[in-house]
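Below is one structure, written out as structure tokens; the observations come after it.
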Amino acid sequence: MDSAIGSYICQTIDCSKPATLQCPTCIKMSLAPAYFCDQECFKRYWPIHKTYHKKQEEQDDQKNKFKFTGPLRPGKISARLFVPDHIKKPEWYLSGQPTEEMKSKLQQVVDCKTPEDIQKMRECAAIGRGALDAGHAAVKAGVTTDEIDKIVHKYIIDHDAYPSPLNYNGFKKSLCTSVNEVICHGIPDDRPLENGDIVNLDVSVYFKGFHIDLNETYFVGEVSESSKFLVEKAYTCLQKAIEICKPGTMYRDVGNVIEKYITENGLAVNRTYCGHGVGQLFHCAPTIPHYGKNKAPGFMKVGHTFTIEPMINQGTHQDILWTFDNWTAVTADGQRSAQFEHSILITEGGCEVLTARLPTSPPLDFKI
Ligand code: MF3
Ligand code: CO
């Protein structure tokens with residue numbers, strides 16, 4: 001099995017074998033490559049696969065017509081990576097659909113984790129932290145976000161865990177990489193990072209039945225003073241939010257703390273994407289807005305686990321979607337955005353940052 005690590009998954013919808021055979025038409029049309037495990041699968045899947053050629057061309061057409069808000073352009077996205085058989089998969093691995101997650105009562109009620117749950121989440125978080133640190137160590141000018149995705153993917157499967165984003169609502173990669181004006185959900189592609197870029201790596205891991213979620217924003221080489229300011233404030237506002245996490249704190253107050261600090265510094269808080277419960281489900285209750293005067297219900301109790309992940313913009317708080325990929329959220333004015341995220345457990349004494357940085361973590365680019 002090990003020889004298959006680092007290879008792609010067969011594109012046939014109901015096959016999860018490692019695949020090395022490339023569709024020759026894709027090559028000829030120089031489309032993002034698709035792989036198949038054998039001729040049999042290729043033949044069987046052809047009626048569906050050939051529509052992929054057309055879809056790719058249509059997508060290219062949409063990209064060419066798209067009114068971009070900033071300088072960043074999408075690159076080519078590689079095929080989906082293979083995950084070894086022995087790894088426990090979430091429901092969306094083959095279907096792409098988080099059906100149970102959407103139906104679950106955990107979308108309405110916030111559960112309190114048991115000591116056993118918490119132990120599993122700590123193990124899961126250790127893998128997530130290690131994966132993010134491995135990705136961070138690879139960040140430099142000239143490296144593509146696709147290469148970083150492969151490093152993070154390998155780290156996670158080498159630790160017998162599953163990269164939660166992979167095929168979640170059809171997301172094609174194991175990691176989200178959000179460069180410059182991308183707010184969140186950027187898809188790793190073949191664009192090399194450039195000196196002066198900022199890049200957010202958002203890692204999520206599924207292990208022993210639990211998810212964990214964390215992200216950080218890094219400098220690529222030498223960045224402008226305004227980018228340094230943005231990233232440092234995005235980091236600090238998360239720390240300020242964590243300081244109020246303890247039993248009894250209202251979830252709505254997280255946004256008040258963040259908004260106050262961020263607007264005092266002349267920056268803006270994104271209002272579209274929120275923190276969320278995390279655990280047996282990747283995304284569940286509570287929903288935690290990062291902006292002020294929000295109406296989020298409920299308060300923190302011992303055993304709650306959730307993320308805080310404020311997205312901070314230089315200019316307008318508003319975002320738009322790259323409609324040709326339906327994932328990438330960018331700032332409406334093309335200015336930059338930065339983010340940090342932790343998964344947090346509420347304890348008797350306050351909280352535990354499950355995804356905290358380690359002494360071995362590569363240092364951030366600014367004083368903390
Ligand atoms: N990790 C993101 C979050 O912080 C979610 C990514 S969903 C994906 O909630 F499909 F894009 F991976
Ligand atoms: Co999250």
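Just follow the structure's listing: the first ligand is 1, and inside any ligand the first atom is 1. Throughout, residue positions are numbered sequentially from 1 according to the sequence presented. On a predicted model such as this, the values are computed, not experimentally measured, just so you know.
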Task: Whether R357 side chain and P362 backbone form a donor-acceptor pair below 3.5 Å - done: yes
Open item on the list: Does any part of the side chain of Y206, heavy atoms only, come nearer than 4.5 Å to the side chain of C124, both counted from C-beta?
Closed with: no
Open item on the list: Using modelled atom types and a 3.5 Å cut-off, is there a donor and acceptor pairing between side-chain atoms of T12 and backbone atoms of D14?
Closed with: no
- [ ] Measure from the side-chain N and O atoms of D189 to the backbone N and O of G75, and report whether any donor-acceptor pair falls under 3.5 Å.
- [x] yes
Open item on the list: Please verify the inter-ring angle class for H211 with W92; under 30° counts as parallel, over 60° as perpendicular, anything in between as tilted.
Closed with: parallel
Open item on the list: Is it the case that the side chains of N313 and S337 hold a donor-acceptor pair, with the cut-off being a distance below 3.5 Å and no angle test?
Closed with: yes
Open item on the list: Residue-level breakdown please: for C176 versus ligand 1, do any non-hydrogen atoms fall below 4.0 Å on the side chain, on the backbone, on both, or on neither?
Closed with: side chain
TODO: Please confirm whether Y291 and H317 have ring centers closer than 6.0 angstrom.
DONE: no
Open item on the list: Please report whether ligand 1 has a polar contact with S204, defined as an N or O pair separated by less than 3.5 Å (distance criterion only).
Closed with: yes
- [ ] Around atom 3 (C) of ligand 1, find the nearest protein heavy atom and jot down its residue, atom name and distance.
- [x] D213 OD2, 3.1 Å
Task: Closest protein heavy atom (residue, atom, distance) for atom 12 (F) of ligand 1 - done: P165 CB, 2.9 Å
Open item on the list: Contact between ligand 1 and W327 is defined here as a heavy atom of the residue under 4.0 Å from a ligand atom; is it met?
Closed with: yes
Task: Any donor-acceptor pair under 3.5 Å from D197 side chain to V220 backbone - done: no
Open item on the list: Is it the case that ligand 1 has an N or O less than 3.5 angstrom from some N or O of E341?
Closed with: yes
Open item on the list: Using a 4.0 Å cutoff against the non-hydrogen atoms of H283, which atoms of ligand 1 qualify?
Closed with: 3 (C), 5 (C), 9 (O)
Task: Closest approach of any protein heavy atom to atom 4 (O) of ligand 1, naming residue and atom - done: E309 OE1, 2.7 Å
Open item on the list: Checking the N or O distance criterion of under 3.5 Å, is ligand 1 in contact with H185?
Closed with: no
Open item on the list: Checking side-chain polar atoms at under 3.5 Å, does D190 have a donor or acceptor matched by the opposite partner on T144?
Closed with: no
- [ ] Answer with side chain, backbone, both or neither: which part of Y168 has a heavy atom less than 4.0 angstrom from an atom of ligand 1?
- [x] both
Task: Check ion pair E147-K150 (N to O, under 4.0 angstrom) - done: no
Open item on the list: Could you list the cluster mates of M29? Members are the ILVMFWY residues connected by side-chain heavy atoms closer than 4.5 Å, either directly or through other members.
Closed with: L31
Task: atom 2 (C) of ligand 1 [closest protein heavy-atom partner, distance rounded to 0.1 Å] - done: D202 OD2, 3.3 Å
Task: Near the Co ion (ligand 2) (under 2.8 Å) - protein N, O or S atoms - done: D213 OD2, H276 NE2, E309 OE2, E341 OE2
